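For reference, the structure discussed in these notes is given below.
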Amino acid sequence: MTVRVRMAPSPTGFLHVGTARAALYNWLYARHNGGTFIVRIDDTDLERSTKEYEDEILGSFRWLGLEWDEGIEVGGPHGSYRQSDRMGRYAELAGGLVESGHAYYDDRSAEELETLRQRAQAEGKHPGHYIRRSERKADGGVIRLSIPQDDPVEFNDLIRGNLSFAPVDIDDFVILRSNGTPTYHLASTVDDLDYQITHVARGEDLLPSTPKHILLTRALGGSEPVYAHLPLLFGTDGKKLSKRHGATALAEYREQGFLPAAMFNYLAILGWSPDGETTIFSREEAVEKFDLVNVSKNPAAFDPEKLAWMNGEYIRAMDTTVFAQLVRPFVEAELGRELESDEWETFGEIAPLVQERTRLLPEAGNQVMFLFEDFDSYDEPSWDKVMTKDGVAAVLEQGRQVIEGLGSWNAESVETALRAMPEKLGIGAGKTFQPLRVAVTGSSVSPPLFESIAALGQGKTLERIDRARAKLG
RNA sequence: GGUCCCGUCGUCCAGAGGCCUAGGACGCCGGCCUUUCAAGCCGGAAACGCCGGUUCGAAUCCGGUCGGGACUGCCA
């Protein structure tokens, strides 16, 4: 059997990281099995669905590298992959189910149903006791599926094993709304059938709906796909993932400077691992080893800290020229202008040193801003903490002389010259270099000092020292 | 309330009866390196929810219990 899986986002919001992970697992399963990965748009909720969200979601899939073989914007042998284009199909099938006795019209109001529910509970009966009815009594309203009350609905979930649901616990759910549009249950089930989906891997929140989908599938004369219910994603505190835990939209991570490869790896490791020892792995390795049956049953906590660490791993592993190119837009955005070609070269000089200490791309930008922009604020507290104002002044004066007297200009010559200072001043290396670092970069935390000074240039370095001395008073 | 799912370090993953004095990763703590911050290296604290049962032997099987979660919409 050729594997055909699908991802069916509803364009009613930005792509949530949980949905992204579900998409990722579907994609991995398809690639691992040489199957087909389909993206369809579940926009039966016409009120809330928008084209903007749809574009955003598709863009996020592409960013993650989840290219799809069939579906929206790609096409395929089954017509439109947008549910709003297939409304007629759903209504027709729902009507057919009424004809065949599998479903019925129901024009009872919500109040009526609530009354019946309460009455059943008051009498100690199943809440749906008086609600369920198989005989046709109305010509309008919604269409509900009539649940056969004989056998339990059983199925084998790829992740959770054998599951069984008693028919009394499955209510006669609505498949077609009174306005003639399908509910999620109907549209999704019909599409899975029409597009010949073989495996449905989706969030565990849909586990209780699965018996409904199975019964609907059978009523439509089809046979159900294999299901795999993925564990849900939570915040590190075990609560539902929300803004409090950081971003929930995949696009936000992209904007924050996360790499798609790192995000891919992190999402994959959140509920699955190739062997229990390996944490960092390539897309190819994941494809090679992935299987839905090995996905964890436990809910997973989305930890932005670990994601950031992983992003740093990917940044350090990449080619330095690629790294520099990725950082460039962040620097230019901060600067509010484009980098001159000589500035770009300057940046290139210390890019390798910056790369080592970067977890997120924008951080890299911040580390090199001192090369392109003057500043007025200094990390002064750290000066005072370790030494007196006079001590700092002495270091800066001495440093200025050393820099000014330098003939050849490169990191080695700068280092050799500055290294002689501590002994001359009779203080430690730290007390010598920190004031210089702050004077030149404005911060007590910066890339390595000698290389930074070399990249900045002799003239500018002297300028910076003078500015700092003036500031010191 | 009802139905269902889940339960190994703070967090993620490994473990499918003896290889477990429970392994890897993030984070945390300490050390080395060092001009700062990182990175790197070394070391450390840290978990099988609980109670029974099966077995020579259980994190692994069974039952119960407790805890967490999802669903219970003419939303998906």
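For clarity, every value in this text was computed on a predicted model and none was experimentally measured. Just so it is clear, the values below take in all heavy atoms, side chains as well, and ignore hydrogens, waters and symmetry mates. A, B, ... follow the sequence lines: proteins, then strands. Residue 1 opens every chain.
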Original post:
What is the nucleic acid contact for A:N366, judged by heavy atoms within less than 4.0 Å: base, sugar-phosphate only, or nothing?
Top reply: nothing

Subject >> Pairs satisfying side-chain hydrogen bond (donor to acceptor under 3.5 Å, both in side chains), at least one member in residues 416-425 of chain A, at least two apart >> reply: A:E415-A:R419

**OP:** Assign A:F450 to base, sugar-phosphate, or nothing according to its heavy-atom contacts below 4.0 angstrom with the strands shown.
**Re:** base

**OP:** Mind telling me whether A:F165 and A:F155 have parallel, tilted or perpendicular rings, with 30° and 60° as the class edges?
**Re:** parallel

**OP:** Have a look at A:V142 and say if it touches a base, only the backbone sugar-phosphate, or nothing, with a 4.0 Å heavy-atom cut-off.
**Re:** base

Subject >> Range on RNA chain B touched by chain A, heavy atoms, distance below 4.0 Å >> reply: B:U3 to B:A76

**OP:** Keeping to residues at least two apart or across chains, list the salt bridge (Lys or Arg N to Asp or Glu O under 4.0 Å) pairs with something in residues 201-213 of chain A.
**Re:** A:R160-A:E204, A:D171-A:K212

**OP:** Check side-chain contact (heavy atoms from CB on, under 4.5 Å) between A:Q256 and all other residues, then give those that pass, not counting sequence neighbours.
**Re:** A:A247, A:E252, A:Y253, A:F258

**OP:** Sequence neighbours left out, what passes salt bridge (Lys or Arg N to Asp or Glu O under 4.0 Å) with A:D169? Give chain and number order.
**Re:** none

Subject >> Contacts of type side-chain hydrogen bond (donor to acceptor under 3.5 Å, both in side chains), residue A:N26, not counting sequence neighbours >> reply: none

**OP:** Quick one: label A:E305 by what it contacts on the DNA or RNA (base, sugar-phosphate, nothing), any heavy atom closer than 4.0 Å.
**Re:** sugar-phosphate

Original post:
Under 4.0 angstrom, heavy atoms only, what part of the nucleic acid is A:H185 near: base, sugar-phosphate, or nothing?
Top reply: base

**OP:** Report which part of the nucleic acid A:F234 touches: base, sugar-phosphate, or nothing (heavy-atom distance under 4.0 Å, all strands).
**Re:** sugar-phosphate

**OP:** Looking at every strand, decide which applies to A:Q118 at a 4.0 Å heavy-atom threshold: base, sugar-phosphate, or nothing.
**Re:** nothing

